Amino acid sequence: MAFVSDLFVNSWNWIAVQLARFLPPWAAELVMMFAGVVVLIAFLLFMVMLLTLLERKVVARIADRIGPNRVGPFGILQPLADTLKLIIKENTEPAQADHWVFRLAPAVAVTAALMPYAVIPLGRGMVGTDINVGVLYVVSISSLTVIAILMAGWGGCNKYSLLGGMRAVAQMFSFEVPLALCLASVVLLTGSLSLVSITEAQRELWLVLVQPVGFLLYLLCGIAEANRSPFDIPEAESELVAGYHTEYSGVRFAFFFMAEYINMFTVSAMATIMFLGGWRGPFVDQLPVLSVVYFLLKVHFLVFLMFWFRATFPRLRIDQLLSLSWKVLLPIALANLMLTALADKVAHRAGLSRMASAGLLLGSNLVLAGVAIATLYLVYERRRAPSLSRRYEIHWH
Amino acid sequence: MTDDERIAEELKRNIFLTTVDRIYDWCRRGSMWPISFGLACCAFEMICAAAARFDLARFGMEAVRATPRQADLMIVAGTVTHKMAPQVLRLYRQMAEPKYVIAMGACAISGGTFRSYSVLQGVDKIIPVDVYVPGCPPRPEALLHGIIKLQEKIERQSVRTVPWYRKA
Amino acid sequence: MLKTRTITLNLGPQHPSTHGVFRMVLTMDGETIVDLKPIFGYLHRGMEKLAETRTYLQNMPLTDRMDYICAMTNNLAYAITVEKLAGLEVPERAEYIRVIMAEFTRVVNHLVAIGALLNDLGAFFTPMLYCLRERERILDLFEMTCGARMTCNYLRFGGVAADLPEEFVPQAREVVAGLYYWVDDLERLLTTNEILLARLQGIGILPRELAINCSVTGPTLRASGVPYDVRRAAPYSIYDRFDFKIPTLDEGDCYARYLIRLAEIRQSLHIIEQALDHLPPGEVQAKVPRLLRPPVGDAYARIESPKGELGFYLVSDGGISPYRFHVRAPTLINLTVLPDLVRGLRIPDLVAIIGSIDIVMGEIDR
Amino acid sequence: MTDEEILARIEEHFPGAVVEVPQALDFTIVLRAERLLEVATYLRDELGLDYLISVTSVDRGDEFEVVYHLGTMTDQAGYLVLKVRVLRPSAEVPSLTPLWRGAEFQEDEVYDLMGIRFTGHPNLRRIMMWEGYEGHPLRKDFRPPYPIETDRLIAQSYAESENP
């Protein structure tokens, strides 16, 4: 029972012990590290497949359809068929392409997407390495994706690709800033940059309960970072054909596809860790194997939100998107950070109990939300009033 | 090597290839992504086929790609005019192998009712067509039937004989 | 100072949001459109020439394939023109049936237009599929009456091809009631959506004077504040008997065009209800010679098709086929304003504007 | 204003502009081609016929007829048919595009399909067929050129696929 209760960690340790019997310690370490990487990548590939299937099913259900159901029972083998097909498909390359850039871009995209998982705890004790600047690492690595997209946009020698690449750069740069600020306020509260300790810090209280504004902002910025609808303008299908991956086919396109879904998973995973208590949940201390289940459930809830948005919302325009980031999200994120710092300090000085300080933080956050919404309403209504002195009243004749 | 051995050897190779063939055909059949390419009236029945009542997604085909590079199937839905023919050809060439073509509707098959100076009398004059779906326009069910026929056709293909792996 | 250059971007003929094979050559400064040159003709099927070699009745199917989303109104326009040319009368019941069909077609077209507009805005398929789902219900009615979903070929000179089946009226009432409810639903989903407002309001403003000068018709014109509707201005068929209102808006932008379509759907449903209530019994087809030979002359007749004023100009030399067959295609003429609307905007706006003008290449190129 | 009044006004202001008023289903005025522009300007600005419904053309053997339908965008409005006849060899008509931008594509179409040139049109081009296409399809004596562009393309395509 003890073994099963923490199945993954225990079996991992067991293998390590077995290896250490006939290998020198450094070799055993190396093998285990390699195995860890392989297992992680395999897990992520499985997740990508699951997500593609889920997305198609969810979007289909929202649109009153059935979704894939022919390949395998209930269509669960659909992603497998897609993957295999993309692998055997021809790799086209435009004659005028910047060949090296064109070929490297997919690899860079996938690498950049995979790297954050070195530090993300997927369950209790299930983390590649627990480095003490985890948050910083994830934020900096995930902005590497933009390089891959720019490479793809440039390399394809296609105007649509180029436009898509340019849009992606603008978009990701602008959303990086408020995103980092949201994470900063979490770091401020938990006092650590390590993702494991941040999860530990939410033992009693999920941070979403004291930082609702931060959570929402993070989710918005995260969706934009992952280029998901309604912020999917770099690959806006109805405008730019397929955006930066217009010229890619076969495996290379599959890589971009994979990178996009892994990014989506990363964003949800980070939101879960930072705000939703990571893998924490009831009975997790008695039965640690549950932690993975909790983690995946929370992540998939957020992913489901993204699918939902995708199926219902129209897309924003690029300038509207950027002004949303710089003029709305950034000020709110800054104010959130300052207010959190202030409230935290006040709570410490006054020596409030944990619950009381949490109440104070939540209160300040809600006040911020109220002020932000009121300001936005005033500003936008006033702006709307003169330039659009329109009331859209239908005259009947 | 005796004949028996040779036969056994050959058999082994074939059995291996058959399994490869099965997987090869299965994955192409299961995930045919059409290019979003509508020419005329039939395009609308094609869109209807993707809508709630007929639901093309069941075949894993709702992943309509806007770019020819990522598409496997070109549904020529509608009249191909002489002015459009070069672009159709070009789109077909931009698609990556393996690729398939369904000629949907009378116009794409033979020019249909438009026997006039500007209409190409059948898209098969410029690109090879795998399945013809008659009708003006064909009902979405007819298109689905055509797609199933194409899947059957794909199932009978073999890695060794498909044209796109042959050295020219 | 950095030197910049404009780039030329070819949108189409194959592009996800050109609604067919429409090509636009854009001159762009970064993402801003400096100029636009529309290029048509990728679906030019030579209908007008073809029609000169076929009898009058044989041309009816050609009109189905013009604006393939609203076959019934095309039929109606053509039938009215030939009836004017040949001086034919239409029985009462047939007129009512025509009106019912034409208004259902209007609903179908506006549903498709709204769905396509949302699709262009990037609402991944869902609103489009909802619209198509409702459209199917109306197509069922068409199919029940004439056997075809899209290319109906239902109207005849001096009547309609067949009487309504028995179960048509109750089912039509059901569909109408369902649509009322569903249009409200659609409004709840879309009309106040903040992203939709941001994308559509103030985009592609078409001034009233420009609209008139460019002979723009249909919902696009009415969204610019001109209450011009052929059904009211020059009633054809029996439109003078129905109580309906013409909605107009003063703003003239994409959102106004969207609202006009929604309003017109409700008005059409209202007309259908009245027509169903007063549907008289009797013949549906007047006595018309099987091989029609209209007297020498020419005639122009027009109707308010869902996309604008659809007119046919027919010249007869007394023979069995028209000497000249011309279509006044509303969408071709509506597109005149496109370069003016998009100048200075961006590609996403262009896509929204095209969606809101509601074009069908089959009619533009013929 | 009734059709007859309009005709009277035109004849009063532009003596000699009206060639003929034929019997027709719709009230029709046949105008002299060179007077078309001024009459149309007058009709638009003075008589309020501000809506150019359609522009089309008919091939009548040795002459072409260009047909304009003019109306207003008000209730209870009829329309007026203006016709202009030009002889086949020259086939030139003043363009109405400077007056009504709505005429632009329609005149392009008439030029493309019937081969009537519109003088003063800002951008007269083939709108339906491609540039360099021979002939004007709607003329009665039109024979499709052979082999046409696509045939060459097809031949080329086959040649490439056989021996790449």
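Both backbone and side-chain heavy atoms feed into the values below; hydrogens, waters and symmetry mates do not. Just so it is clear, the model here is predicted, and its values are computed rather than measured. Chain letters run A, B, ... following the sequence lines, proteins first, then strands; residues in each count from 1.
- A 4.5 Å side-chain heavy-atom check between C/Phe312 and C/Thr63 finds at least one atom pair inside the cut-off.
- Between C/Phe325 and the options C/Tyr78, C/Tyr313, C/Tyr56, a ring-ring contact (aromatic ring centres under 6.0 Å, His included) holds for only C/Tyr78.
- The number of heavy-atom neighbours closer than 6.0 Å to CD of C/Glu89, taken from other residues, nucleotides and ligands shown, is 12 or below.
- Ring centroid separation for the pair D/Phe14 and D/Tyr42 comes in under the 6.0 Å cut-off.
- Per-residue heavy-atom pair counts under 4.5 Å with chain C were compared for D/Gln23, D/Lys83, D/Arg126, and the maximum is reached by D/Lys83.
- By the 6.0 Å and 45° rule, C/Arg232 stacks over the aromatic ring of C/Phe244.
- Looking at C/Val216, only its backbone comes within 4.5 Å of chain D, counting heavy atoms on both sides.
- Highest contact tally toward chain C, considering only D/Val55, D/Val81, D/Asp59, is held by D/Asp59 [criterion: heavy-atom pairs under 4.5 Å].
- With respect to the salt-bridge test (charged N to carboxylate O, under 4.0 angstrom), the residues D/Glu65 and D/Arg85 qualify.
- For chain D, the option among C/Phe40, C/Tyr300, C/Tyr42 with the highest count of heavy-atom pairs below 4.5 Å is C/Tyr300.
- Only the side chain of C/Asp340 comes within contact range of chain D, judged by heavy atoms closer than 4.5 Å.
- When C/Val226, C/Val315, C/Leu332 are compared by the number of non-hydrogen pairs under 4.5 Å with chain D, C/Leu332 comes out ahead.
- Contact of C/Ile364 with chain D is made through the backbone alone, with heavy-atom distances under 4.5 Å.
- Each of D/Lys140, D/Met129, D/Gln106, D/Arg44 has some count of heavy-atom pairs under 4.5 Å with chain C, and the biggest count is that of D/Lys140.
- Both the backbone and the side chain of C/Glu48 have a heavy atom closer than 4.5 Å to some heavy atom of chain D.
- Under 4.0 Å is where a charged nitrogen must lie from a carboxylate oxygen, and between D/Arg88 and D/Glu63 no such pair does.
- Between chain D and the options C/Ser215, C/Gly46, C/Gly41, C/Pro38, heavy-atom pairs under 4.5 Å are most frequent for C/Ser215.
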